[in-house]
Protein chains: 2
Amino acid sequence: MIKPRSRRGGGRPTIADVARRAGVGAITVSRALREPERVSEELRRQIQAAVDELGYVPDPNARALASARAEVFGVLVPSLTNNVFAEVVRGIYDSLSDSPFRIQLGNTHYSGLEEERLLQVFAPQRPAALIVAGIDQTPTSRKLLENAGCPVVQVMETGPDPVDMMVGFSHLDGGRTATEHLLEVGYRRIGFIGARMDPRSQRRLAGYRAAMEAAGLFDPRLVTTTPVPSSVSLGREMFRDALAKVPTLDAVFCNNDDIALGVLFECHRASIGVPKTIGIVGFNDLDMMQVAFPSITSIRTHRYEIGRRAVAMALAAIAGNRPEQRVVDLGFELKRRESSAR
Amino acid sequence: MIKPRSRRGGGRPTIADVARRAGVGAITVSRALREPERVSEELRRQIQAAVDELGYVPDPNARALASARAEVFGVLVPSLTNNVFAEVVRGIYDSLSDSPFRIQLGNTHYSGLEEERLLQVFAPQRPAALIVAGIDQTPTSRKLLENAGCPVVQVMETGPDPVDMMVGFSHLDGGRTATEHLLEVGYRRIGFIGARMDPRSQRRLAGYRAAMEAAGLFDPRLVTTTPVPSSVSLGREMFRDALAKVPTLDAVFCNNDDIALGVLFECHRASIGVPKTIGIVGFNDLDMMQVAFPSITSIRTHRYEIGRRAVAMALAAIAGNRPEQRVVDLGFELKRRESSAR
DNA sequence: AACCCGAATGGTAGCGCTACCAAATTGGCC
DNA sequence: GGCCAATTTGGTAGCGCTACCATTCGGGTT
């Protein structure tokens with residue numbers, strides 16, 4: 001006699017069940033849940049009671065279909081294991097954990113094509129916002145972002161031409177600051193060691209080069225790079241190569257902290273004095289940099305904060321008040337430590 | 001005169017558009033896309049042509065609503081920045097990148113309550129599978145998993161009572177193996193240093209204790225733990241504490257590699273000989289362990305493979321052939337290195 | 001020849017929700 | 001008292017897709 005439970009659904013209560021129980025229309029329940037201020041105090045209470053009794057949870061899929069907008073943030077990063085992006089992602093998660101928004105995370109593996117593919121997967125979901133790492137999207141990706149019909153935040157870097165919004169810092173300035181620091185302290189034959197030369201690393205290199213040229217000390221043989229993914233062991237190897245190439249090397253600015261750590265270990269192993277014989281500067285300032293012996297000078301970047309800020313900007317845009325400032329530069333800090341204290 | 005484009009949808013082509021173009025019924029298009037073998041060669045070609053011309057992409061939300069099943073894997077891990085889980089997650093992503101499945105990642109922050117909350121968010125989406133880290137779910141979480149109506153894989157650990165399937169290894173055996181190695185090499189006053197004592201760390205500690213007791217060398221003062229999240233700097237501090245407490249300490253088995261690295265750096269700083277005065281063993285075997293100077297002995301775990309295997313098992317279960325072996329132990333390897341080579 | 005069976009295709013009726021619009025109610029104002 | 005606007009509530013009609021069942025057709029079976 002009882003109306004058969006929906007043939008497919010697993011028997012979970014629907015909005016209609018709640019409406020019946022509360023003695024109101026389904027649409028009122030829907031409103032009470034999404035815009036409580038548009039429903040009278042009394043009905044709101046009744047509805048809340050019915051929701052609690054039945055254990056009703058709205059179906060996000062039905063919601064997305066009906067409203068043509070999913071409560072999902074699409075997030076694209078080049079790597080899941082690189083601590084730098086992991087921190088950004090953590091900032092995003094933490095900022096969104098109390099909101100109704102879910103997160104759809106994609107790993108582009110540092111590939112523009114993969115980024116395009118993922119964007120094509122994400123777009124049909126009609127996400128509420130998109131957060132992508134970097135500013136060097138392919139033309140196709142850029143168009144996909146522009147047509148996504150939702151707020152877009154490019155993170156990690158700042159640049160002149162945002163798709164929509166940006167949060168990051170200047171990697172070029174970071175590279176220059178690191179190099180100028182080494183020059184200032186008195187190093188002269190300063191090498192650059194860089195793995196996985198993604199666009200951000202390229203710009204750090206450009207900053208290094210600018211500083212070296214300004215000092216009249218640039219020499220292409222001082223630069224050692226590889227497209228191979230960065231790792232501590234790679235840092236060790238690359239440093240050996242660099243030293244073999246230029247035995248007079250007296251300092252290195254590393255692409256990132258993993259490489260720097262590899263350099264430090266190799267110096268230990270080969271009994272090369274740090275900072276006396278070789279100065280070392282890293283990039284990102286992972287926790288271990290200040291603990292290393294000797295502690296390693298590095299450029300501190302605000303990864304977690306970038307994630308948080310990106311979400312804050314996206315949420316503001318969703319709420320209708322797009323931030324005044326569309327490009328936010330969170331800067332960086334040079335952390336002077338023992339490895340460059342000549 | 002043209003039928004107005006759906007008032008809400010952004011004008012993307014729907015399955016009906018494709019059907020009209022191909023001159024077939026909508027349901028046939030749906031079938032051609034999902035079970036091509038049930039549609040004749042010819043229609044399949046026509047439909048594919050129409051799909052390509054229109055640039056049709058199925059709406060995942062509508063699909064999920066109609067089929068009461070979303071093409072989503074729910075993944076719950078305790079941390080996004082801990083390299084160990086990042087690797088598991090990477091394995092999951094890589095295994096799923098060619099499939100139609102998306103990934104819904106949740107960060108439990110090592111909290112059972114947060115895990116419950118996330119499970120309650122994930123369940124209404126009717127995911128195709130759930131992958132959760134650990135085997136110590138709260139009773140509520142366990143019930144949620146059992147009632148999820150989809151394959152469930154618990155990862156990182158093995159245990160006696162799987163909700164459904166399991167992939168991992170024995171942390172207790174890992175802890176015992178590490179400790180037995182130190183004993184075998186000749187260390188006697190072996191300490192245990194552990195941060196963020198999550199259930200897995202607890203079991204590593206239990207393995208340590210078992211080995212020490214078997215050798216008649218267990219002493220509670222040798223154990224130093226804290227609930228504080230693990231980091232290299234914390235490793236350094238904890239080692240100092242441990243040494244202050246037990247000056248005769250001659251080796252430490254660390255909870256994980258971050259701690260071990262902190263210990264190594266502190267030894268350098270305090271001019272304590274490794275492995276002569278202090279032996280060190282870590283856990284997980286991050287890349288940097290073999291590069292460190294001296295290189296650090298560690299228990300190598302197969303995180304990436306755990307992620308891949310979990311997906312493989314879930315996919316098999318979805319396809320209807322649940323694997324014979326519901327609990328898969330991927331083991332671990334003791335990597336003997338300089339830090340324990342007395 | 002009548003019958004059955006499987007393969008291929010299609011129609012109908014939702015899945016659970018919300019946009020849109022209509023209706024009812026209230027209150028303020030002249 | 002009557003009118004208008006604002007507020008609160010509800011009905012209807014989908015959103016784009018697939019489950020379920022019906023239909024058609026060709027080729028065996030008896």
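Keep in mind the model is a prediction, meaning the values are calculated, not measured. The basis for the numbers below is simple: all heavy atoms, side chains too, and nothing from hydrogens, waters or symmetry mates. By convention in this document, chain letters (A, B, ...) are assigned in the order of the sequence lines, proteins followed by strands, and residues within each chain are numbered from 1.
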Just the rounded figure in Å: distance from [atom2] of [N] to [atom1] of [X].
X	N	atom1	atom2	result
R20(B)	dG11(C)	CZ	P	13 Å
R44(B)	dA7(C)	CZ	P	15 Å
E41(A)	dT26(C)	CD	C1'	18 Å
L65(B)	dT18(D)	CG	P	11 Å
N61(B)	dC17(D)	CG	P	10 Å
E35(B)	dT18(D)	CD	C1'	10 Å
R34(A)	dC17(C)	CZ	C1'	9 Å
R63(A)	dC17(C)	CZ	P	8 Å

Between the protein and nucleotides 6-9 of chain D, list every N/O to N/O distance that falls short of 3.5 Å.
from	atom 1	to	atom 2	distance (Å)
dT9(D)	OP1	S40(A)	OG	2.8
dT9(D)	OP2	S40(A)	N	2.9

[Y] versus [X], side-chain donor and acceptor atoms under 3.5 Å:
X	Y	result
R34(A)	S30(A)	yes
Q137(B)	E116(B)	no
S111(A)	T108(A)	no

Checklist outcome for this item: What one should report as the nearest heavy-atom pair of S79(B) and Y110(B) is CB-CE1, 3.7 Å
Checklist entry - Quick one: on DNA chain C, does A62(B) or G23(B) contact a more 5' nucleotide (nearest heavy atom)? => result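 This one resolves to G23(B).
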Side-chain polar contacts of residues 83-94 of chain A - donor-acceptor pairs under 3.5 angstrom, sequence neighbours left out - could you list them?
from	atom 1	to	atom 2	distance (Å)
Y93(A)	OH	L105(B)	O	2.9
D94(A)	OD1	H109(B)	NE2	3.0
D94(A)	OD2	Y304(A)	OH	2.7

Checklist entry - OP1 or OP2 of dT18(C) less than 4.0 angstrom from a side-chain nitrogen or oxygen of S30(A), does that happen here? => result yes
Next on the checklist: Going by ring pair (Phe, Tyr, Trp, His ring centres under 6.0 Å), name the residues that satisfy it together with F101(B), two or more places apart in sequence or in a different chain.
Outcome noted: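 If we apply the ring pair (Phe, Tyr, Trp, His ring centres under 6.0 Å) test to F101(B), skipping adjacent residues, the hits are F73(B).
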